[in-house]
Colleague: 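Quick one: the structure is below, questions incoming.
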Amino acid sequence: LELESFSREETASPLDERLIIHLSAHSANKITMVSAENRTGLYVSIPVYFVVLGLSALWAYKRLEKMTTAGTDHLSGHYLGGRAFGPLLTAGTVFASLFSGYTVVGIPNEAYRSGFYSFRWMPATAMILLGYICTGLRLRKASMVRNHQTSADFITDRFQSQFLRYSIVLIQVVGTLIYLSAQVNALKSTFNSMFGVEADTNWTVILLMTIILMLEWMGGLSSVALTDSIQGFVMMLSFVLLPIIIKNHFGGWTELDPSTYPRPDFYQTPTRDEQWRQWQFYLLGFSFFTLPHLMQRVYAARDLKSLRFGWAVLTVSPWVAMFIGVFLGTVGVQILSDAGVEDPANPFTAIIEEVMNVGGFAKGVGVISLTASLAAIMSTADSLIIAASQLITVEIVYPLRPNASPMLVAWRGRGVSLLTTAFALIIGITWKDGVGDLAAINFAITIMAVPSFVVGLYMSGKWDVHPWVLAIASLVSMTYVFIVYFMYIKTHSDAKPIDAGVTGLALNLFLIVVLETGYRFLLQKPQDNTNPKEHKINSEQKRRELNAPDRPAWDVPKLERFGETTLSPRLLNKMMAGTNEPFRNVWYTLFFFFAVSIVTPLVAENEPWLDAETGEFAGGVLPATYNGLPWWFFKQILLSIVPYIILIVTVWRVPSQFPSDEREIQKNGVDLDIVEMTPSEMNRRSSYDESNALFQRRRSSIHSQMVAMGLTVPEGDSSEDSSLLVNDPGEKELRLSALVLGKTPIDESIATDTPVVEESAP
């Protein structure tokens, strides 16, 4: 694709699906260089930036050593930061992980070439946040009760199926590797353009990826999170300062005139195909919550309060980051035209070059902005490396050596990080044409995991689905994505305006309905209550009520590490009792989808008419504008405020901690299966599938205390009148609530003589 000749007409073609990745990871030989006189500041800022990253990694290394010395197992320390990220660290790492090089470089480039159409990222990000916040509540709670560590643990625990488990692992690993390969390509073009290196030079990106890998090796996710926070600060500083400089020295949207604007076609209403693609693009954003590096942050936060703060930052950030990107690109068209710059390979770099030419403070802001572009790509790359490493190491490597010590497995994980980085380098460097195509279908592949997570999180009873049905539907749909994209959308210039991911999701849902119906009518066996598990399963599996028990033994994974009982839909609902969950309100969900959908312009196409020969509006009829913006785009801005207000209210209603009624516990006891683990208990993994001895001791103490008080384990939700509660609880009641809430040190709560199983020495 020759991006230099990209036009409005080409935007309406099927190539639009690949636009953003081609712009942010441009691999053409032509490259926009930063001039030598403007490069001086980069010789200071980039080395300083790397020194700060190195010091951060050193701090993370010391922190990791301190945690493991205190008893945290090496896997939890390396891949989850000891589950101790506070509000600032959580906010910094989720911000930098979500707003990547696409945000800093890609959106301005897209806006420069396709105009206000690039605003599509704003409603799409609202959909991203809807999925991330609403599903994050349940995933967080389940991880605290069941000690989930990887993005596939929930699927394994909920469906108890190796087939579905590794289907989801495949989807997540493939999506992550594609995403990482795109970062390699973007990092290469960005760094080389900064320092005047030839476009095809590869040693620079190899060096940068090696630095990223070493930072991850030193401190694990703690290093990644802290460097993410620093990178996020640099990005935010750039987003705030750059538009101010441009407005003061070059003018903003209000100074644009459609009659003299170099791209008057940007003021035309979008074509029908563009509007259709925009709406599909919004829907695709919902899949982001299944990305391993984002789910990893849900588990790594110290508490719900920290996670809530991170979500709050994400909710307002698109207006500072992505909205500014649209401003930079569209105003940049006028800036570069006035400067006589035509068809730059990297418009973002060219725009920053013009800003730096102003000199003085503007030059410093330009240096910060270029440093931010590098930081944005690196922050996403390091997050993807450690997420892929955790998924492959814990889900594939660890089961092969289940008795290996966590320290040994963590070191093997570093080897997996090396192989992951090497693979991404090979793809990003050598597959010059295909990497753009693969990256374009990255989220189309990721969305194939959404039905499994949604069914697992929210469906119960007659709506539950057989795990093999979910696995088959997801794999067939992922195959469809590759076929329809590479054999139809890419190769046919007259292809219909369809998105491979959205149509693949529709196929996924259709297959689930058809296969589940066929299974229930043709294959499902009636359960024999006298002997419900005649199929061959081992003794550990016999203690569980398996989801779809009519499966062979090889399909049932080891589940001891999650607890003694099955993670059933009923148990999930019981865990969430008292927590406001907007996603369980069907009217909330439908209204949010509606609010996002109506952001689509929904207007007659190509108005007012533009004379192709003269480049002027036919009949002298200029487009209606408001403060320099086309009316339909201004309408989009106003309508986009609605879903973000809904998100702000949603985050506001998220509690600082999951509800727990001490008085109810003191009176009626608690269901042992919904007791939350403390951080020290979650961070004590000693082998692949060994039960958590420390947690089992506390649960045993709770049970003994309840027996001593004459209480039984509650079945179902208690609805007794709270007026019957004891006003002044005694010592036994206080001890029970302290045990349940983890306030009593474990050594003081021993009710049995069972010895603690310490972590095996590496």
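These values consider heavy atoms only, across backbone and side chains, with no hydrogens, waters or symmetry-generated copies. Computed from a predicted structure; not experimentally measured.
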Colleague: Any side-chain heavy atom of Q390 sitting closer than 4.5 Å to one from Q296?
Modeller: yes
Colleague: Quick check on F510: does its CZ atom have over 12 non-hydrogen neighbours (other residues, nucleotides or ligands) under 6.0 Å away?
Modeller: no
Colleague: Take L291 and T176 through the test side-chain contact (heavy atoms from CB on, under 4.5 Å) and record every step on the way to the result.
Modeller: CA-CA 8 Å; L291 293 175; T176 301; 5.6 Å; no
Colleague: Check this for me: R520, atom CZ, are more than 12 non-hydrogen atoms of other residues, nucleotides or ligands nearer than 6.0 Å?
Modeller: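 Yes, the 6.0 Å shell around CZ holds more than 12 heavy atoms from other groups.
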Colleague: Quick one: does C134's side chain get under 4.5 Å of Y588's, heavy atoms only?
Modeller: yes
Colleague: If we check ring pair (Phe, Tyr, Trp, His ring centres under 6.0 Å) with F286, which of these qualifies: Y282, F289, F288?
Modeller: F289
Colleague: Less than 4.5 Å apart, any side-chain heavy atom of V145 and any of M677?
Modeller: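 V145 vs M677: side chains apart.
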Colleague: For F159 together with H466, are the ring centres under 6.0 Å from each other?
Modeller: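 Judged by ring-centre distance (under 6.0 Å), H466 and F159 do not meet the cut-off.
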Colleague: Donor-acceptor pair, Q275 side chain versus L602 backbone, under 3.5 Å?
Modeller: yes
Colleague: Is any side-chain heavy atom of T517 closer than 4.5 Å to a side-chain heavy atom of V514?
Modeller: no
Colleague: Could you give the distance from CD1 (I512) to CG (L515), rounded to the nearest 0.5 Å?
Modeller: 8.5 Å
Colleague: Sub-3.5 Å donor-acceptor pair from the side chain of T90 to the main-chain atoms of F85, do we have one?
Modeller: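 Present.
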Colleague: After noting the C-alpha distance and the side-chain angles of K496 and W276, does the key distance pass the side-chain contact (heavy atoms from CB on, under 4.5 Å) rule?
Modeller: CA-CA 10 Å; K496 299 295 182 181; W276 181 241; over 6 Å; no
Colleague: When you measure from the side chain of D555 to the backbone N and O of Q162, does any donor-acceptor pair fall under 3.5 Å?
Modeller: yes
Colleague: List the atom of L129, the atom of P318, and the distance in Å for their closest heavy-atom pair.
Modeller: CD1-CG, 4.5 Å
Colleague: What's the separation between atom NZ in K574 and atom CD1 in I674, rounded to the nearest 0.5 Å?
Modeller: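 The NZ atom of K574 sits 5.5 Å away from the CD1 atom of I674.
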Colleague: For a quick check under 3.5 Å, do Q149 and R685 share a side-chain donor-acceptor pair by atom type?
Modeller: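 There is such a pair (donor and acceptor under 3.5 Å, judged by atom type) between the side chains of Q149 and R685.
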Colleague: Distance check, rounded to the nearest 0.5 Å: D499 atom CG versus Q278 atom CD?
Modeller: 13.0 Å
Colleague: So, taking the atom named CG in L164 and the one named OG in S474, what distance separates them when rounded to the nearest 0.5 Å?
Modeller: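 Nearest 0.5 Å value for the CG-OG distance: 6.5 Å.
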Colleague: Taking T271 for its side chain and E274 for its backbone only, find out whether a donor-acceptor pair lies under 3.5 Å.
Modeller: yes
Colleague: Are side-chain heavy atoms of I498 and I489 found at a separation under 4.5 Å?
Modeller: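 Result yes, sub-4.5 Å side-chain heavy-atom pair found.
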Colleague: Looking only at the side chains, is there a donor atom on one of T380 and Y179 sitting less than 3.5 Å from an acceptor on the other?
Modeller: no
Colleague: Any heavy-atom pair between the side chains of F562 and L567 that's under 4.5 Å?
Modeller: no
Colleague: Quick one: do R158 and D464 make a salt bridge, cutoff under 4.0 Å?
Modeller: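 Salt bridge flag = yes for D464 with R158.
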Colleague: Please name the pair of heavy atoms, one in T446 and one in G175, separated by the smallest distance, quoted to 0.1 Å.
Modeller: OG1-CA, 4.4 Å
Colleague: Quick one: does S389's side chain have a donor or acceptor within less than 3.5 Å of a partner on G413's backbone?
Modeller: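 Yes: the side chain of S389 pairs with the backbone of G413.
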Colleague: For the CG atom of D153 and the CE atom of M295, what is their distance to the nearest 0.5 Å?
Modeller: 10.5 Å
Colleague: Kindly say whether A500 contributes a backbone atom to a donor-acceptor pair with the side chain of T503 at under 3.5 angstrom?
Modeller: yes
Colleague: For Y519 and D550, does a side-chain donor sit closer than 3.5 Å to a side-chain acceptor?
Modeller: yes
Colleague: Test your reading of the model: is there a side-chain donor-acceptor pair from R138 to the backbone of L457, 3.5 Å cut-off?
Modeller: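 Indeed, once roles are kept as given, a pair shorter than 3.5 Å links the two residues.
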Colleague: Does the plane of the ring in F281 sit parallel, tilted or perpendicular to the ring in W121? Use 30° and 60° as the thresholds.
Modeller: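 F281 and W121: perpendicular rings.
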Colleague: Write down the atom of Y458, the atom of E581, and the distance for their closest heavy-atom approach.
Modeller: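 Shortest heavy-atom separation between Y458 and E581 comes out as CE2-OE1, 4.2 Å.
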Colleague: Mark yes or no for whether S477, through its side chain, and N508, through its backbone, hold a donor-acceptor pair below 3.5 Å.
Modeller: yes
Colleague: Between D303 and S306, do the side chains contain an N or O donor and an N or O acceptor separated by less than 3.5 Å?
Modeller: yes
Colleague: Go through the steps for Y117 and E110 under the test side-chain contact (heavy atoms from CB on, under 4.5 Å), then give the verdict.
Modeller: CA-CA 8 Å; Y117 176 80; E110 182 179 355; 4.0 Å; yes
Colleague: Which atom names give the shortest non-hydrogen contact between E216 and S417, and what distance separates them?
Modeller: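 For E216 and S417, the tightest heavy-atom pair comes out as OE1-OG, 3.2 Å.
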Colleague: Give the ring-plane orientation class for W319 versus F323, where under 30° counts as parallel, over 60° as perpendicular and anything between as tilted.
Modeller: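 Rings of W319 and F323: tilted, as their planes differ by 30° to 60°.
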Colleague: How many angstroms lie between CZ in R308 and OG1 in T650, if you round to the nearest 0.5 Å?
Modeller: 12.0 Å
Colleague: Would a 4.5 Å heavy-atom cut-off, applied to side chains only, mark Q231 and D382 as touching?
Modeller: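 Yes, side chains in contact.
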Colleague: Is R297 paired with D228 through a side-chain N to carboxylate O contact shorter than 4.0 Å?
Modeller: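 Yes, this pair counts.
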Colleague: Is the closest side-chain donor-acceptor distance between Q280 and R277 under 3.5 Å?
Modeller: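 Short answer, no.
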Colleague: So, for Y688 and V394, which heavy atoms are closest and what is the spacing to 0.1 Å?
Modeller: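 Minimum heavy-atom contact is CE1-O, 3.9 Å.
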Colleague: Does any non-hydrogen side-chain atom of F583 lie less than 4.5 Å from one of L137?
Modeller: no
Colleague: Considering non-hydrogen atoms only, spot the tightest contact between A595 and I646 and give its length.
Modeller: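 Closest pair (atom of A595, atom of I646, distance): CB-CD1, 4.5 Å.
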Colleague: Test side-chain contact (heavy atoms from CB on, under 4.5 Å) on R146 and R561; report intermediate values, then the result.
Modeller: CA-CA 8 Å; R146 310 285 292 188; R561 63 192 181 279; over 6 Å; no
Colleague: Would you find a donor on one side and an acceptor on the other, under 3.5 Å apart, between the side chain of Q172 and the backbone of T290?
Modeller: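 Looks like yes, one N/O pair under 3.5 Å.
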Colleague: Aromatic rings F95 and F99: how do their planes relate, parallel, tilted or perpendicular, breaks at 30° and 60°?
Modeller: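 Answer is tilted, since the angle falls between 30° and 60°.
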Colleague: Judged by atom type as modelled, is there a donor-acceptor pair below 3.5 Å linking the side chain of S114 to the main-chain atoms of A111?
Modeller: no
